[in-house]
Amino acid sequence: MKIILILEDSDERIGQFRKNFINAELIIVKTSKEAIIELKNKKFDIIFLDHDLGGKVFQTPGENTGYEVAQWISKNLKDSKVAIHSLNMPAVKVMKNCLPEAIICPFIWIKEIDWSK
C-alpha cells in the first residue's frame with residue numbers, strides 16, 4: 001500500500017483525494033509546519049503539495065506555503081516523488097524550480113501517476 005502525504009487545506013479537495021486514493025494510506029496536513037514534521041518522521045511514496053494555505057493566495061516566498069515545504073524537501077529528501085497540485089501558477093513555477101523532478105498537476109484528479117516520464 002502506498003503512503004501519500006497531502007498538503008491541502010480545502011476540505012472539498014481533501015474529499016476528492018480520499019475518493020481517488022482509496023487503496024493508499026493518506027496522511028493529510030493543512031499547514032507547512034505539519035507537512036515538514038510528517039516528512040521528518042515518515043517515508044512517503046508520493047508527496048502532493050498545494051501552495052496557498054489558510055484560505056489565502058500567497059506570493060512566494062511566504063510563511064505557511066507549499067513553497068516552504070518544497071524548499072525543505074529540496075534540501076533533505078532529494079529523491080522524493082512530488083506532485084505540485086496548486087492552481088497558483090506563479091507559485092507553481094517557483095516550486096518547480098525548487099523541485100525540478102516534481103510533476104505539475106494543477107488539481108487534476110488522478111488515480112495513478114506514471115513516474116517513469
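Tested against Ile28, the residues Ile4, Asp9, Leu7, Ile6 include a single side chain to side chain contact (heavy atoms under 4.5 Å, CB included) partner, Ile6. Applying side chain to side chain contact (heavy atoms under 4.5 Å, CB included) to Ile73 and the options Leu39, Ile36, Asp79 leaves one that passes, Leu39. For the pairing with Ile14, the side chain to side chain contact (heavy atoms under 4.5 Å, CB included) check across Glu12, Arg18, Gln16 returns one residue only, Arg18.
A distance of 10.5 Å separates NZ in Lys2 from CG in Asn23, rounded to the nearest 0.5 Å. In this structure, CE in Met89 is found 7.0 Å from CD1 in Ile104, a value given to the nearest 0.5 Å. Note that CD1 of Ile22 is 10.5 Å distant from NZ of Lys19, once rounded to the nearest 0.5 Å. For the atom pair NZ (Lys78) and CD (Glu101), the distance works out to 11.5 Å, reported to the nearest 0.5 Å. The OG atom of Ser74 sits 6.0 Å away from atom CG of Leu99, with the distance rounded to the nearest 0.5 Å. Atom-to-atom distance recorded for His85:NE2 and Glu8:CD is 4.0 Å, nearest 0.5 angstrom.
Closest approach of Ser32 and Leu53 over heavy atoms only: N-CD1, 3.9 Å. Residue Arg13 comes nearest to Asp50 through the heavy atom pair NH1-OD2, 3.9 Å, listed as atom of the first residue, atom of the second, then distance.
Using a 4.5 Å heavy-atom threshold, the side chains of Tyr67 and Leu49 count as separate. Annotation: side chain of Ile37 is not in contact with side chain of Lys40 (no heavy-atom distance under 4.5 Å). The side-chain heavy atoms of Cys105 and Phe48, taken from C-beta on, include a pair separated by under 4.5 Å.
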The test is side chain to side chain contact (heavy atoms under 4.5 Å, CB included); show your working for Met95 and Val82 and say whether it passes.
CA-CA 10 Å; Met95 291 172 71; Val82 178; over 6 Å; no
What's the verdict on side chain to side chain contact (heavy atoms under 4.5 Å, CB included) for Val94 and His51, showing C-alpha distance, side-chain angles and the deciding distance?
CA-CA 10 Å; Val94 176; His51 180 271; over 6 Å; no
Walk me through whether Phe44 and Ser80 qualify under side chain to side chain contact (heavy atoms under 4.5 Å, CB included).
CA-CA 8 Å; Phe44 293 92; Ser80 297; over 6 Å; no
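Judged by distance alone, with hydrogens and angles left aside, the side-chain atoms of Asp45 form a donor-acceptor pair with the main-chain N or O of Ile3 at under 3.5 Å. Under a 3.5 Å cut-off, the side chain of Glu68 and the backbone N or O of Thr65 do form a donor-acceptor pair.
In this view, Glu34 and Val29, Lys30, Thr31 satisfy the side chain to side chain contact (heavy atoms under 4.5 Å, CB included) rule, not counting sequence neighbours.
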